Protein chains: 2
Amino acid sequence: MNGKKTRNTRQRTLILEILRAGNAHLTAEEVLQKARKKLPTVSLGTVYRNLHYLRHHGYAREVRNGDNGPARFEASGAVHAHFHCRSCNKVRNIRLPQELVEAQWGDSGPIASVSVLDLHLIGDCSDCAHGR
Amino acid sequence: MNGKKTRNTRQRTLILEILRAGNAHLTAEEVLQKARKKLPTVSLGTVYRNLHYLRHHGYAREVRNGDNGPARFEASGAVHAHFHCRSCNKVRNIRLPQELVEAQWGDSGPIASVSVLDLHLIGDCSDCAHGR
DNA sequence: GTAATTGCAAAAGATTTGCCCCATT
DNA sequence: AATGGGGCAAATCTTTTGCAATTAC
């Protein structure tokens with residue numbers, strides 16, 4: 001029992017609030033911009049350190065935007081899947097199929113237990129498919 | 001109809017061969033090391049350019065290793081899902097559930113069509129769960 | 001012969017880290 | 001007061017790119 005104590009600093013609280021407001025997928029840089037509106041002195045290093053912290057403590061998760069570029073983050077609220085449009089490169093949240101949630105994974109060979117499902121679909125979104 | 005002609009250079013062929021041999025998830029750097037055994041002058045830039053090329057032409061896909069670090073790549077052969085052990089950080093290939101493959105996605109709101117399924121499970125692997 | 005592709009090296013981008021000071025507990 | 005966390009800037013790591021030379025077609 002040697003857990004390290006963590007503190008609720010204004011920065012950490014703010015960064016989590018930002019991730020929770022709206023269901024966007026933000027880059028560290030975007031989080032920084034939003035954070036500075038409330039706390040003008042926040043630094044990028046702090047944003048990264050906290051995103052890392054939040055991720056490892058289950059409050060946030062990373063979402064990659066198909067093509068390269070910086071990592072994006074979202075608050076880990078309700079489970080959902082991600083749909084990537086290969087044409088406009090947008091990522092949208094979609095419902096996670098119930099079959100998946102209920103599936104039994106524990107028996108399949110190397111898996112002891114599963115705690116997170118991360119499903120990404122890649123294809124064309126309605127906007128792109130219907131011209132424009 | 002203005003497709004750009006592509007050439008089968010030794011480098012490109014070799015890189016694809018490397019991805020196809022074994023079912024590992026290799027970083028660009030690892031691909032480079034292996035490639036240099038056969039073609040000592042290959043450069044990292046070429047590896048990246050070809051991984052990018054192969055990816056956009058459907059021959060390879062990118063797999064991120066949960067925690068940060070360089071991107072990893074694999075040949076896009078048989079469809080499968082990935083299981084990440086949150087303890088040892090290894091990524092293993094597992095069978096993709098048939099329900100998923102057969103699912104109808106086209107109706108769900110923003111999706112016009114789906115061509116790739118990318119499912120990641122995160123949890124503990126048998127090795128880690130059973131002590132050691 | 002022509003244009004795609006390579007090697008090399010420099011540049012750009014993204015993320016991490018050391019250090020010292022500040023603020024939460 | 002003790003020490004986790006922040007700010008700043010430098011360092012590191014990954015990926016991209018310009019350019020001249022090379023090579024597949």
Side-chain angles (χ1 to χ4, degrees), chain A residues 1-19 25-57 59-74 89 91, chain B residues 1-19 25-57 59-74 89 91:
Chain A
M1 293 302 86
N2 210 320
K4 178 152 115 176
K5 258 163 232 164
T6 66
R7 295 178 184 179
N8 290 324
T9 61
R10 250 175 296 182
Q11 290 85 338
R12 179 168 300 167
T13 307
L14 176 57
I15 289 171
L16 182 51
E17 267 172 17
I18 288 173
L19 289 184
H25 308 118
L26 304 172
T27 63
E29 190 62 47
E30 288 166 349
V31 171
L32 177 68
Q33 297 316 325
K34 285 176 187 285
R36 283 194 162 155
K37 289 185 184 162
K38 288 225 172 170
L39 218 54
T41 61
V42 195
S43 73
L44 190 54
T46 293
V47 170
Y48 272 108
R49 271 187 286 233
N50 277 303
L51 288 174
H52 193 267
Y53 171 92
L54 292 171
R55 193 143 69 82
H56 276 76
H57 286 73
Y59 297 108
R61 82 172 68 99
E62 194 183 310
V63 188
R64 285 269 169 185
N65 200 342
D67 265 298
N68 336 42
R72 291 176 171 276
F73 300 85
E74 65 176 8
N89 260 318
V91 180
Chain B
M1 292 305 83
N2 209 318
K4 179 152 115 175
K5 258 162 231 161
T6 67
R7 295 177 182 179
N8 289 324
T9 60
R10 249 176 295 183
Q11 291 85 336
R12 179 167 300 165
T13 306
L14 176 56
I15 289 171
L16 183 51
E17 269 172 17
I18 288 172
L19 289 184
H25 308 118
L26 304 172
T27 63
E29 190 61 48
E30 287 165 350
V31 171
L32 178 68
Q33 296 317 323
K34 287 176 187 284
R36 283 196 160 153
K37 288 184 183 160
K38 289 226 171 169
L39 218 52
T41 62
V42 196
S43 72
L44 189 54
T46 294
V47 170
Y48 273 107
R49 273 187 286 231
N50 277 304
L51 289 174
H52 193 266
Y53 171 93
L54 292 171
R55 193 144 67 83
H56 276 74
H57 286 73
Y59 297 108
R61 80 171 69 97
E62 193 183 311
V63 188
R64 285 268 167 184
N65 199 342
D67 265 299
N68 335 43
R72 290 175 172 275
F73 300 84
E74 65 176 7
N89 260 316
V91 180

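A, B, ... follow the sequence lines: proteins, then strands. Residue 1 opens every chain. If you're wondering where the values come from, they're calculated on a predicted model, not measured in any experiment.
- Side-chain N/O atoms of Thr41(A) include one lying less than 4.0 angstrom from OP1 or OP2 on dG7(D).
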| task | For side chain to side chain contact (heavy atoms under 4.5 Å, CB included), just list the numbers for Val91(A) and Arg72(A), CA-CA rounded to whole Å, side-chain angles, deciding distance to a tenth of an Å, and then say yes or no. | result | CA-CA 10 Å; Val91(A) 180; Arg72(A) 291 176 171 276; 6.0 Å; no

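- Counting to the nearest Å, the P atom of dG6(D) and the CG atom of Leu54(A) are 10 Å from each other.
- The nucleotide whose nearest atom lies closest to any side-chain atom of Thr46(A) is, among dA14(C), dG7(C), dG7(D), dG7(D).
- Spacing between atom NE2 of His52(B) and atom C1' of dA4(C) amounts to 16 Å, rounded to whole angstrom units.
- Here the C1' atom of nucleotide dT15(D) and the CZ atom of Phe73(B) are 9 Å apart, to the nearest Å.
- Considering all non-hydrogen atoms of both residues, Ala60(B) and Leu19(B) come closest at CB-CD1, 3.7 Å.
- For the pair Leu39(B) CG and dT22(D) C1', the computed distance is 13 Å after rounding to whole Å.
- Heavy-atom distances to DNA chain C give each of Arg12(B) and Gly45(B) a nearest nucleotide, and the one nearer the 5′ end belongs to Arg12(B).
- Annotation: salt bridge (Lys or Arg N to Asp or Glu O under 4.0 Å) contacts of Glu29(A) (sequence neighbours excluded): none.
- At whole-Å resolution of the value, CZ in Arg64(B) and P in dA14(C) are 12 Å apart.
- The C1' atoms of five pairs define one axis at each end of the helix from dG1(C)-dC25(D) to dT25(C)-dA1(D), and these two axes lie 50° apart (to 10°).
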| query | Could you go step by step and tell me if Arg64(B) and Glu62(B) meet the salt bridge (charged side-chain N to carboxylate O under 4.0 Å, His left out) rule? | reply | CA-CA 7 Å; Arg64(B) 285 268 167 184; Glu62(B) 193 183 311; 3.1 Å; yes

| task | Apply side chain to side chain contact (heavy atoms under 4.5 Å, CB included) to the pair Asn50(B) and Leu14(B), showing each step before the final yes or no. | result | CA-CA 10 Å; Asn50(B) 277 304; Leu14(B) 176 56; over 6 Å; no

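- Within the model, atoms CD of Gln33(A) and CG of Leu44(A) stand 9.0 Å from one another, a figure rounded to the nearest 0.5 Å.
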| query | side chain to side chain contact (heavy atoms under 4.5 Å, CB included) between Thr6(B) and Tyr53(B): does it pass, once the steps are laid out? | reply | CA-CA 10 Å; Thr6(B) 67; Tyr53(B) 171 93; 3.4 Å; yes

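- Atom pair Arg36(B):CZ and dG7(C):P shows a separation of 9 Å (rounding to whole Å applied).
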| task | Let me see the working for Lys38(A) and Arg10(A) under side chain to side chain contact (heavy atoms under 4.5 Å, CB included), right down to the final yes or no. | result | CA-CA 10 Å; Lys38(A) 288 225 172 170; Arg10(A) 250 175 296 182; over 6 Å; no

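- Between Val42(A) and Leu39(A), the shortest heavy-atom distance links the atoms CG2-O, 2.8 Å.
- Taking atom CD of residue Glu62(A) and atom P of nucleotide dT15(C), one finds them 8 Å apart after rounding to whole Å.
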Just the atom pairs and distances: protein N or O near nucleotides 18-25 of chain C's N or O, under 3.5 Å.
unit_1, atom_1, unit_2, atom_2, d
dG18(C), O6, Arg49(A), NH1, 3.4
dT24(C), O2, Arg7(A), NH1, 3.0
dT24(C), O2, Arg7(A), NH2, 3.3
dT25(C), OP1, Asn8(A), N, 3.3

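- Picking from dT15(D), dG6(D), dT15(C) the nucleotide with the shortest atom distance to the side chain of Tyr48(A) gives dT15(C).
- A close approach under 4.0 Å does not occur between any side-chain nitrogen or oxygen of Gln11(B) and OP1 or OP2 of dT23(D).
- Per the geometry, CG belonging to Leu44(A) stands 18 Å off P belonging to dG5(D), to the nearest Å.
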